[in-house]
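Comments concern the structure below.
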Amino acid sequence: MRWLRENWLDLLIFLLIAVVAAGIVLYLTGVNPFARPKPQAESLPAPSVPASPSPSPAPTPSPEPAQPVVTVLPLPQAPSASEETGRSPVAPAPQKASQVQAPSQASPPRSSAPPSPTGAYRVVVGAFANPENAARLRQELAQKGYPARLEPAGNLTRVVVGPYASEAQARQVAEALTVYGAQVYRGQGAAPPPAGQVYLQVGAFQKEENALLVAGRLKELGLPVVLVKDGVYRVRVGPVAEAEKEEVKAKVAALGLEALEVR
């Protein structure tokens, strides 16, 4: 005991060194003295799988008898009433008034041959004291395809469609323009002024608005004005008596225009 009291410090150091050495050895060998042993799981016996019998070959299906092919034929259409009775079909009912094309919108009938420029048949659609009204109607007819023109007829401007080579063509056009009171006449164009009277032409214009402007200025003077449309718009005053033509020329000259005698 005396030795222990005198050498207890050396003994303690020796024990510490021994513990450290043992710990190193255990660490290197992977042994953990403080770990609890894991309980081993009870191994269950593997279930026995009964041997499956060898598969028997599947029975081969017997071939089904082939079905006959059915061809569907279209049903014949029912015979019409005319075929059953042997009578001709009933004529369709007349169209309602709303479905009938208005005469003012009727298109010009098409003939197999174009109208001859030397034809003698024309259709008079109207005659107006105001040349502006005549020009408006001529333009309306031209937009619908009619060969409309303006001709003098006394102190009126006449709206004419044509000429046509045959009277049948002119009659067909007149029927399409019945709403205007169209009439067929035979002649070679504008009628000449009455005996002892002449027309005074004030100007010829390419544009209709220019011709109407001059015609309006002449009408303000109280002069009878007519328009002629034969490629250009011709503004004429008349017919004027021979004794009055110089006075009329003076009125026209006051407007800065020149009047030429046309017979």
For this session: Using atom types as modelled and distance alone, determine if a side-chain donor or acceptor of Thr157 lies under 3.5 Å from a backbone N or O of Pro131.
Result: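 Pair absent, no side-chain N/O of Thr157 close to backbone of Pro131.
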
For this session: Answer yes or no: is there a donor N or O on one side and an acceptor on the other, between the side chain of Tyr27 and the main chain of Ala22, under 3.5 Å?
Result: no

Exercise. Between Arg138 and Tyr233, does any side-chain donor sit less than 3.5 Å from a side-chain acceptor?
Worked result: yes

Problem set entry | Tyr146 vs Val125, side-chain contact (heavy atoms from CB on, under 4.5 Å): CA-CA, chis, key distance, verdict | CA-CA 11 Å; Tyr146 291 97; Val125 183; over 6 Å; no

Exercise. Under 4.5 Å between side-chain heavy atoms, hopping through other hydrophobics if needed: is there a path connecting Val214 to Val240?
Worked result: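 Linked within one cluster.
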
Exercise. What do the steps show when you test Leu212 against Leu227 for side-chain contact (heavy atoms from CB on, under 4.5 Å), and what is the final call?
Worked result: CA-CA 9 Å; Leu212 293 177; Leu227 284 180; 3.6 Å; yes

I need the [X] [atom1] to [Y] [atom2] distance, nearest 0.5 Å.
{"X": "Lys229", "Y": "Glu151", "atom1": "NZ", "atom2": "CD", "value": "12.0 Å"}
{"X": "Arg122", "Y": "Arg186", "atom1": "CZ", "atom2": "CZ", "value": "11.5 Å"}
{"X": "Leu16", "Y": "Leu11", "atom1": "CG", "atom2": "CG", "value": "9.5 Å"}
{"X": "Asn7", "Y": "Leu12", "atom1": "CG", "atom2": "CG", "value": "12.5 Å"}

Exercise. Should Arg136 and Glu140 count as an ion pair when the cut-off is N to O under 4.0 Å?
Worked result: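 Salt bridge absent between Arg136 and Glu140.
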
Report yes if some heavy atom in the side chain of [X] is under 4.5 Å from a heavy atom in the side chain of [Y]; otherwise report no.
{"X": "Leu141", "Y": "Leu177", "result": "yes"}
{"X": "Val235", "Y": "Leu257", "result": "no"}
{"X": "Leu200", "Y": "Glu261", "result": "yes"}

What heavy-atom pair brings [X] and [Y] nearest, and what distance separates the two atoms?
{"X": "Pro152", "Y": "Val228", "answer": "CD-CG2, 3.3 Å"}
{"X": "Val123", "Y": "Ala182", "answer": "CG1-CB, 3.6 Å"}
{"X": "Ala165", "Y": "Gln169", "answer": "N-OE1, 3.5 Å"}

Exercise. Given the rule in the side-chain contact (heavy atoms from CB on, under 4.5 Å) test, do Tyr164 and Val184 qualify, once you have shown the distances and angles that lead to the verdict?
Worked result: CA-CA 10 Å; Tyr164 295 96; Val184 177; over 6 Å; no

